[in-house]
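Written out below as structure tokens is the structure these notes cover.
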Amino acid sequence: MKHLIDEAVSLLQHAKQVHGDKVVYACSLSPQGMVLIDLICKHQLHIPVLTLDTGRLPQATYNLMDVIHERYGDVLHILFPDAEEVSAMVNEQGINLFYRSLEHRKTCCAVRKVKPLKKALQGQEAWITGRRKDQSENRADIAPIEDDPVYHLKKYNPMRNWTEKDVWAYVREHDLPYNQLHDEFYVSIGCEPCTRAVSVGENPRAGRWWWEQEGAVAECGLHVSSLASKAADKGG
Ligand code: SF4
């Protein structure tokens, strides 16, 4: 565990040294996100922690934001989608458009997640993510530092070598806050209508956009670059 912590802190420090005020952490408030927030605050790295309020989050996630505020102060910078774009989308295509087709779901993710994040990343040089290799096949070859061709930034992945077990061991040992839905068999938590609990042994990503056809990639588009290069590698 110590080597994982040292490795993550060292990469965070490196990112801060190289990029100064032009590095941010895009946090999904997952358990590994809680670890990163804890490490950033403990080591006084002053890396802004961005998180998205899509407007469709579960109440448990809002409760977690509150607990983070109580424990760490105003560390979270909450991003919101453009109100007019959301209004146009739901008025034209329905409030629950994401259940209608993959295309509709991607439209919703683009308006509520990808665009606000893209806007927040403008002018930055680098961003930090909480992605881990063990999360899915698509993430098995994550490097510590990657070039992000979509956002044209350096992308740092300090949690890439942590397993789910490592993350929970740190969370328990340091009594970190976490989303209470994890105690109800939710693994990967996003928006309320697009997230469900999974059964024992089921792929964690099966809890997201489960109605989509097998073979559709269960990603929201925030990390599309590595998927695109993987498809290119396979000639897809
Ligand atoms: S996860 Fe669902 S509700 Fe959230 S932005 Fe994507 S499609 Fe919309």
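One-based numbering, in listed order, for ligands and for the atoms of each.
Ligand-side atoms of ligand 1 in range of Arg105: 7 (S), range being under 4.0 angstrom from any heavy atom. Against a heavy-atom cut-off of under 4.0 Å, Phe98 is close to the following atoms of ligand 1: 3 (S), 7 (S), 8 (Fe).
Taking the six-membered ring for Trp and thresholds of 30 and 60 degrees, His174 and Tyr170 have nearly parallel ring planes, at less than 30 degrees apart.
Among residues two or more places apart in sequence or in another chain, the side-chain contact (heavy atoms from CB on, under 4.5 Å) test is passed with Ala126 by His19, Val23, Lys154, Tyr156. Annotation: ring-ring contact (aromatic ring centres under 6.0 Å, His included) contacts of Phe98 (sequence neighbours excluded): none.
Proximity of Arg112 to ligand 1, defined as any heavy-atom pair under 4.0 Å, is confined to the side chain (atoms from C-beta onward).
Judged by distance alone, the side chains of Ser87 and Asn91 do bring a donor and an acceptor atom under 3.5 Å apart.
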Evaluation steps, ring-ring contact (aromatic ring centres under 6.0 Å, His included), between Tyr99 and Trp211: CA-CA 8 Å; Tyr99 292 137; Trp211 62 89; 4.7 Å; yes
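Taking 2.8 Å as the threshold, Cys108 counts as a candidate ligand of atom 8 (Fe) of ligand 1, since one of its N, O or S atoms lies below it.
Of all the listed residues (Cys109, Cys194, Ala110), Cys109 holds the heavy atom that lies closest to atom 5 (S) of ligand 1.
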